[in-house]
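Heads up: numbering here begins at 1 and tracks the sequence. No experiment lies behind these values; they were computed from the predicted model shown.
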Amino acid sequence: MLLEPIFIFYFLILGSIVGFMAGLLGIGGGGIMVPVLTSLFLALGMPVEKVVHLALGTSMAAIVVTSISSLRAHHARGAVIWDYVKRMSPGILVGTFLATYVVAFASSLALAVFFSLFMGFIALKMFIDKKPMQQQVKPTGKKHLFLVGSGIGAISALVSIGGGSLTVPFLVSRHINIKKAIGTSAAIGLPISLAGTLGYVINGWQN
């Protein structure tokens, strides 16, 4: 598909905004990319029944780039707790990859509704700004982190995010400094984006 110059400009602006937010907050940028990409793809005449799937998959592939750039920056400042990354990544990979199969069978409407509800929930949670209490902290053994990683990975694949909106609050609830929580979340975004991109490619290959 040959893009008109105006659409190339739109994609460049979108990428710049997402990249800035990735570096600032340790997010992959899917919350920004998916709705904008959906609108751009509709304007480009892509099929309505597949447009959300395309936006999710494209966003996940773009997060590979933003997560690498973001984790490098945070690692240089010593803000990545690699032990958490190592222990959560197996669950992340499994949860993310399997969830892409769910997306393949879901309709664009169902995906759009789930995406909207999830973003609304995150916005409400941030607005309430409820701080985790000491007694809420649970042990962070390998099994526990695998299960948490699987959940974060699955939801991240369904809404095509780098997991920052889930990973950062979880790490903060472990009483981890917010800067290190953001940096660690940025690193965790890489296995999410890699597994998610692979899953979307495999499930969309025939389309």
Undergrad: Check side chain to side chain donor-acceptor pair (under 3.5 Å) between Thr100 and all other residues, then give those that pass, not counting sequence neighbours.
TA: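 So Thr100 forms a side chain to side chain donor-acceptor pair (under 3.5 Å) with Asn203.
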Undergrad: Output all residues satisfying ring-ring contact (aromatic ring centres under 6.0 Å, His included) with Tyr200, sequence neighbours left out; order by chain, then residue number.
TA: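 ring-ring contact (aromatic ring centres under 6.0 Å, His included) check on Tyr200 returns nothing, list empty.
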Undergrad: For the side chain of Ser160 and the backbone of Ser156, is there at least one donor-acceptor N/O pair under 3.5 Å apart?
TA: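 Judged by distance alone, no pair lies under 3.5 Å.
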Undergrad: Could you state the interatomic distance from CG (Asn177) to CD1 (Ile182), rounded to the nearest 0.5 Å?
TA: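 Rounded to the nearest 0.5 Å, the CG-CD1 separation comes out at 9.0 Å.
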Undergrad: Other residues, nucleotides and ligands only: do more than 12 of their heavy atoms fall within 6.0 Å of OH on Tyr10?
TA: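 Open.
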Undergrad: Can you check side-chain contact (heavy atoms from CB on, under 4.5 Å) on Ser59 and Leu37, steps first, answer last?
TA: CA-CA 8 Å; Ser59 171; Leu37 286 175; 4.2 Å; yes
Undergrad: So do Ser89 and Val85 actually touch side chain to side chain, heavy atoms under 4.5 Å?
TA: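 Val85 reaches Ser89 side chain to side chain.
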Undergrad: When rounded to the nearest 0.5 angstrom, what is the spacing between OG in Ser185 and CD1 in Ile152?
TA: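 These two atoms lie 8.0 Å from each other.
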Undergrad: When hydrophobic residues are tied together by side-chain contacts of less than 4.5 Å, even through go-betweens, does Ile176 share a cluster with Leu71?
TA: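 Both belong to a single hydrophobic cluster.
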Undergrad: Could you check whether any side-chain heavy atom of Ile161 comes within less than 4.5 Å of a side-chain heavy atom of Phe118, counting everything from C-beta outward?
TA: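 Yes - at least one pair of side-chain heavy atoms lies under 4.5 Å apart.
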Undergrad: Between His75 and Arg72, do the side chains contain an N or O donor and an N or O acceptor separated by less than 3.5 Å?
TA: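 There is no such pair (donor and acceptor under 3.5 Å, judged by atom type) between the side chains of His75 and Arg72.
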Undergrad: Flag yes if more than 12 heavy atoms outside Phe11 fall under 6.0 Å of its CZ atom; otherwise flag no.
TA: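 For Phe11, atom CZ is crowded (more than 12 foreign heavy atoms under 6.0 Å).
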Undergrad: Do Val159 and Val64 sit in one hydrophobic cluster, given that two such residues count as connected whenever their side-chain heavy atoms are within less than 4.5 Å of each other, even indirectly?
TA: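 Yes, Val159 and Val64 fall within the same hydrophobic cluster.
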Undergrad: Under the criterion side-chain contact (heavy atoms from CB on, under 4.5 Å), I'd like the reasoning laid out for Val80 against Lys180: C-alpha separation, chi angles, the key distance, then a yes or no.
TA: CA-CA 6 Å; Val80 178; Lys180 289 192 174 183; over 6 Å; no
Undergrad: Share the residues that join Val113 in a hydrophobic cluster, the rule being Ile, Leu, Val, Met, Phe, Trp or Tyr side chains under 4.5 Å apart at the heavy-atom level.
TA: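 The other cluster members (ILVMFWY side chains, heavy atoms under 4.5 Å, direct or chained) are Leu109, Leu117.
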Undergrad: Mind checking the CG-CG spacing from Leu44 to Leu54? Nearest 0.5 Å is all I need.
TA: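 With rounding to 0.5 Å, CG (Leu44) is 11.0 Å from CG (Leu54).
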Undergrad: Verify, without hydrogens or angle tests, whether Ser150 (side chain) and Phe146 (backbone) share a donor-acceptor contact under 3.5 angstrom.
TA: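 Yes.
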Undergrad: Pair up each side-chain donor or acceptor in residues 187-195 with any protein partner under 3.5 Å, not counting sequence neighbours, and list the distances.
TA:
from   : atom 1 : to     : atom 2 : distance (Å)
Ser193 : OG     : Gly189 : O      : 3.1
Ser193 : OG     : Leu190 : O      : 2.8

Undergrad: Should Leu56 and Phe105 be counted in the same cluster of Ile, Leu, Val, Met, Phe, Trp and Tyr side chains packed under 4.5 Å apart?
TA: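 Different clusters: Leu56 never reaches Phe105 through Ile, Leu, Val, Met, Phe, Trp or Tyr contacts under 4.5 Å.
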Undergrad: Sequence neighbours excluded, which residues qualify as side chain to side chain donor-acceptor pair (under 3.5 Å) partners of Asp83?
TA: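 Asp83 satisfies side chain to side chain donor-acceptor pair (under 3.5 Å) with Arg87 once adjacent residues are dropped.
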Undergrad: Quick check on Phe7: does its CZ atom have over 12 non-hydrogen neighbours (other residues, nucleotides or ligands) under 6.0 Å away?
TA: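 More than 12 heavy atoms, drawn from other residues, nucleotides or ligands, come within 6.0 Å of this atom.
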Undergrad: In this structure, would Val34 and Ile32 fall into the same cluster of hydrophobic residues linked by side-chain contacts under 4.5 Å?
TA: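 Yes, same cluster.
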Undergrad: Report the relative orientation of the aromatic rings in Phe170 and Tyr84; use parallel for angles under 30°, tilted for 30 to 60°, perpendicular for over 60°.
TA: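 Aromatic pair Phe170/Tyr84 classed perpendicular.
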Undergrad: If hydrophobic residues (ILVMFWY) are linked whenever their side-chain heavy atoms come closer than 4.5 Å, directly or via other members, who joins Val201 in its cluster?
TA: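 In the cluster with Val201 are Trp205.
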Undergrad: Going from CG on Leu171 to CD1 on Ile81, what distance comes out if it is rounded to the nearest 0.5 angstrom?
TA: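 The distance works out to 6.5 Å.
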Undergrad: Taking atom CE of Met119 and atom CZ of Phe114, what is their separation to the nearest 0.5 Å?
TA: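 CZ of Phe114 is found 9.5 Å from CE of Met119.
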Undergrad: Examine distances only and state if a side-chain atom of Thr96 and a backbone atom of Leu93 form a donor-acceptor pair shorter than 3.5 Å.
TA: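 Pair absent, no side-chain N/O of Thr96 close to backbone of Leu93.
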Undergrad: Honestly curious: do Leu42 and Met46 fall in one hydrophobic cluster under the side-chain, below-4.5 Å linking rule?
TA: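 Hydrophobic grouping puts Leu42 with Met46.
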Undergrad: Rounded to the nearest 0.5 Å, what separation is found between the CE atom of Met60 and the CE atom of Met33?
TA: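 It comes to 9.0 Å.
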Undergrad: Keeping His53 on the side-chain end and Leu111 on the backbone end, is there a donor-acceptor pair under 3.5 Å?
TA: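 Not confirmed, His53 side chain does not pair with Leu111 backbone.
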Undergrad: Determine whether Ile155 and Leu166 make a side-chain contact, defined as any pair of heavy atoms from C-beta on separated by less than 4.5 Å.
TA: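 Of all side-chain heavy-atom pairs linking Leu166 with Ile155, at least one is under 4.5 Å.
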Undergrad: Could you go through the side-chain contact (heavy atoms from CB on, under 4.5 Å) check for Thr66 and Val18 one step at a time?
TA: CA-CA 8 Å; Thr66 60; Val18 169; 3.9 Å; yes
Undergrad: Would you call Phe115 and Val52 a side-chain contact if the rule is heavy atoms closer than 4.5 Å?
TA: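 Result no, sub-4.5 Å side-chain heavy-atom pair not found.
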Undergrad: Ignoring hydrogens, what is the shortest heavy-atom contact between Pro169 and Gly164? Give both atom names and the distance.
TA: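 Taking every non-hydrogen atom into account, CD-O, 3.7 Å.
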